[in-house]
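What follows is a short report on a single structure.
Residues: numbered from 1 along the sequence shown.
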Amino acid sequence: MRLREATADDVPRLVELWYDLATEMERYADLNGLVYESSTDVPEDPFRAHLDSDGVTEYLVEVDGEAVGFATTRLGEHPSREYSKYTRLVNLYVEDGHRGRGYGSAVVDEVRRRARESGCDHLKVSCEWDNRGARSFYEDAGFEEKQVEFAQKLD
């Protein structure tokens, strides 16, 4: 498994992988409902903006040269805290046929290593409350529950 920083040429594949992740997340909350019928409807501009951002990094998860997943990280800071500089693992997705082989764990390990090298002192991640598989995965990877995020529709 290789975690490779994505380039502009990778944007169409990033969009496909993101769409697969977003589609899977729809079942966990009404607020996750997509407005796109297929990955071809998803605009590429936000992904291209990530590639140009200093604080966001898009990665492809490659196995034997094939992109089988992706990860998105974002740098952040809480200047008033002892543990102030962090990396947030915003997205982590591995295609269904490639799960259970340790690729997700390898991605977390590599993101952790890169975060330390960039001067971060902690790593953050969140997932849908009812996504028991993701919660278990992150707990097994050494993450601890820290806070709960609430959301409310504004009709």
Side-chain angles (χ1 to χ4, degrees), residues 1 3-6 10-51 53 55-63 66-78 81 83-115 120-155:
M1 190 284 312
L3 188 64
R4 177 178 64 79
E5 194 167 330
D10 299 316
V11 169
R13 184 65 176 136
L14 279 171
V15 169
E16 290 172 357
L17 292 164
W18 174 86
Y19 185 80
D20 291 345
L21 170 64
T23 300
E24 285 187 20
M25 293 301 103
E26 282 186 301
R27 67 180 161 201
Y28 295 110
D30 290 343
L31 289 172
N32 293 346
L34 290 173
V35 296
Y36 307 112
E37 295 292 321
S38 74
S39 64
T40 58
D41 297 331
V42 177
E44 293 183 350
D45 289 346
F47 296 88
R48 293 187 189 286
H50 282 177
L51 297 180
S53 172
V56 177
T57 305
E58 295 282 1
Y59 297 98
L60 288 177
V61 178
E62 294 183 332
V63 175
E66 177 189 356
V68 301
F70 82 108
T72 308
T73 62
R74 177 176 285 127
L75 296 175
E77 192 169 5
H78 297 293
R81 296 186 182 164
Y83 293 95
S84 61
K85 189 173 177 190
Y86 63 89
T87 294
R88 175 174 293 282
L89 183 54
V90 179
N91 294 311
L92 173 56
Y93 177 76
V94 175
E95 289 179 314
D96 196 26
H98 296 277
R99 294 181 187 158
R101 300 180 188 178
Y103 301 138
S105 296
V107 168
V108 170
D109 289 344
E110 182 61 17
V111 166
R112 186 182 294 121
R113 184 189 69 75
R114 292 178 188 200
C120 290
D121 51 34
H122 65 290
L123 189 59
K124 292 184 175 190
V125 67
S126 62
C127 64
E128 294 293 331
W129 184 260
D130 289 331
N131 188 342
R132 306 253 185 255
R135 290 177 62 185
S136 177
F137 171 80
Y138 291 121
E139 288 170 359
D140 290 348
F143 290 88
E144 299 174 6
E145 290 181 8
K146 181 183 172 291
Q147 70 186 63
V148 175
E149 180 175 291
F150 292 89
Q152 182 182 61
K153 289 182 192 176
L154 301 176
D155 295 325

Tell me, please, which residues at least two apart from D121 pass side-chain hydrogen bond (donor to acceptor under 3.5 Å, both in side chains).
none
For R48, salt bridge (Lys or Arg N to Asp or Glu O under 4.0 Å) partners two or more places apart
E44
Quick one, E128 with N32, criterion side chain to side chain contact (heavy atoms under 4.5 Å, CB included). Give me CA distance, side-chain angles, the key distance, then yes/no.
CA-CA 10 Å; E128 294 293 331; N32 293 346; 3.1 Å; yes
Walk me through it: do D41 and Y19 pass the test side chain to side chain contact (heavy atoms under 4.5 Å, CB included)?
CA-CA 10 Å; D41 297 331; Y19 185 80; over 6 Å; no
Let me check something: any side-chain donor-acceptor pairs from residues 92-114 under 3.5 Å, sequence neighbours excluded? List them with distances.
{"unit_1": "E95", "atom_1": "OE1", "unit_2": "R13", "atom_2": "NH2", "d": "3.4"}
{"unit_1": "E95", "atom_1": "OE2", "unit_2": "R13", "atom_2": "NH2", "d": "2.9"}
{"unit_1": "R99", "atom_1": "NE", "unit_2": "V94", "atom_2": "O", "d": "2.6"}
{"unit_1": "R99", "atom_1": "NH2", "unit_2": "E24", "atom_2": "OE1", "d": "3.1"}
{"unit_1": "R99", "atom_1": "NH2", "unit_2": "E24", "atom_2": "OE2", "d": "2.9"}
{"unit_1": "R99", "atom_1": "NH2", "unit_2": "V94", "atom_2": "O", "d": "3.1"}
{"unit_1": "R101", "atom_1": "NH2", "unit_2": "G97", "atom_2": "O", "d": "3.0"}
{"unit_1": "D109", "atom_1": "OD1", "unit_2": "R112", "atom_2": "NH1", "d": "2.9"}
{"unit_1": "E110", "atom_1": "OE1", "unit_2": "R113", "atom_2": "NE", "d": "3.1"}
{"unit_1": "E110", "atom_1": "OE2", "unit_2": "R113", "atom_2": "NE", "d": "3.3"}
{"unit_1": "E110", "atom_1": "OE2", "unit_2": "R113", "atom_2": "NH2", "d": "2.4"}
{"unit_1": "E110", "atom_1": "OE2", "unit_2": "R114", "atom_2": "NE", "d": "2.7"}
{"unit_1": "E110", "atom_1": "OE2", "unit_2": "R114", "atom_2": "NH2", "d": "3.3"}
{"unit_1": "R112", "atom_1": "NH2", "unit_2": "A141", "atom_2": "O", "d": "3.0"}
{"unit_1": "R113", "atom_1": "NH1", "unit_2": "E117", "atom_2": "OE1", "d": "3.1"}
{"unit_1": "R113", "atom_1": "NH1", "unit_2": "E117", "atom_2": "OE2", "d": "2.5"}
{"unit_1": "R114", "atom_1": "NH2", "unit_2": "L3", "atom_2": "O", "d": "2.9"}

Which distance, rounded to the nearest 0.5 Å, do you find between the NZ of K124 and the OG1 of T87?
11.0 Å
If you look at every heavy atom in L34 and W18, which pair is closest and at what distance?
CD2-CH2, 3.9 Å
According to side-chain hydrogen bond (donor to acceptor under 3.5 Å, both in side chains), who are the partners of T57, at least two apart in sequence or on a separate chain?
none
Quick one: list whatever passes side-chain hydrogen bond (donor to acceptor under 3.5 Å, both in side chains) with D20, sequence neighbours left out.
none
May I ask you to decide if the ring planes of Y83 and H122 are parallel, tilted or perpendicular, using 30° and 60° as cut-offs?
perpendicular
Rounded to the nearest 0.5 Å, what separation is found between the CG atom of L17 and the CG atom of L60?
7.0 Å
Atom of L89, atom of A71 and distance for their closest heavy-atom approach:
CD1-CB, 4.2 Å
Look up atom CG in L14 and atom OG in S39, then write down how far apart they are to the nearest 0.5 Å.
12.0 Å
Distance-only donor-acceptor check, side chains T72 and E58, under 3.5 Å
yes
Any side-chain heavy atom of S126 within less than 4.5 Å of one from R88?
yes
In this structure, CE of M25 is separated from CG of L31 (nearest 0.5 Å) by 14.0 Å
NE2 of H78 to NZ of K85, rounded to nearest 0.5 Å, is 13.5 Å
What distance separates F47 CZ from D10 CG, expressed to the nearest 0.5 Å?
12.5 Å
Sequence neighbours excluded, the answer for side-chain contact (heavy atoms from CB on, under 4.5 Å) partners of K146 is R81
Can we say R135 and E145 salt-bridge, meaning some charged N sits less than 4.0 Å from an Asp/Glu carboxylate O?
yes
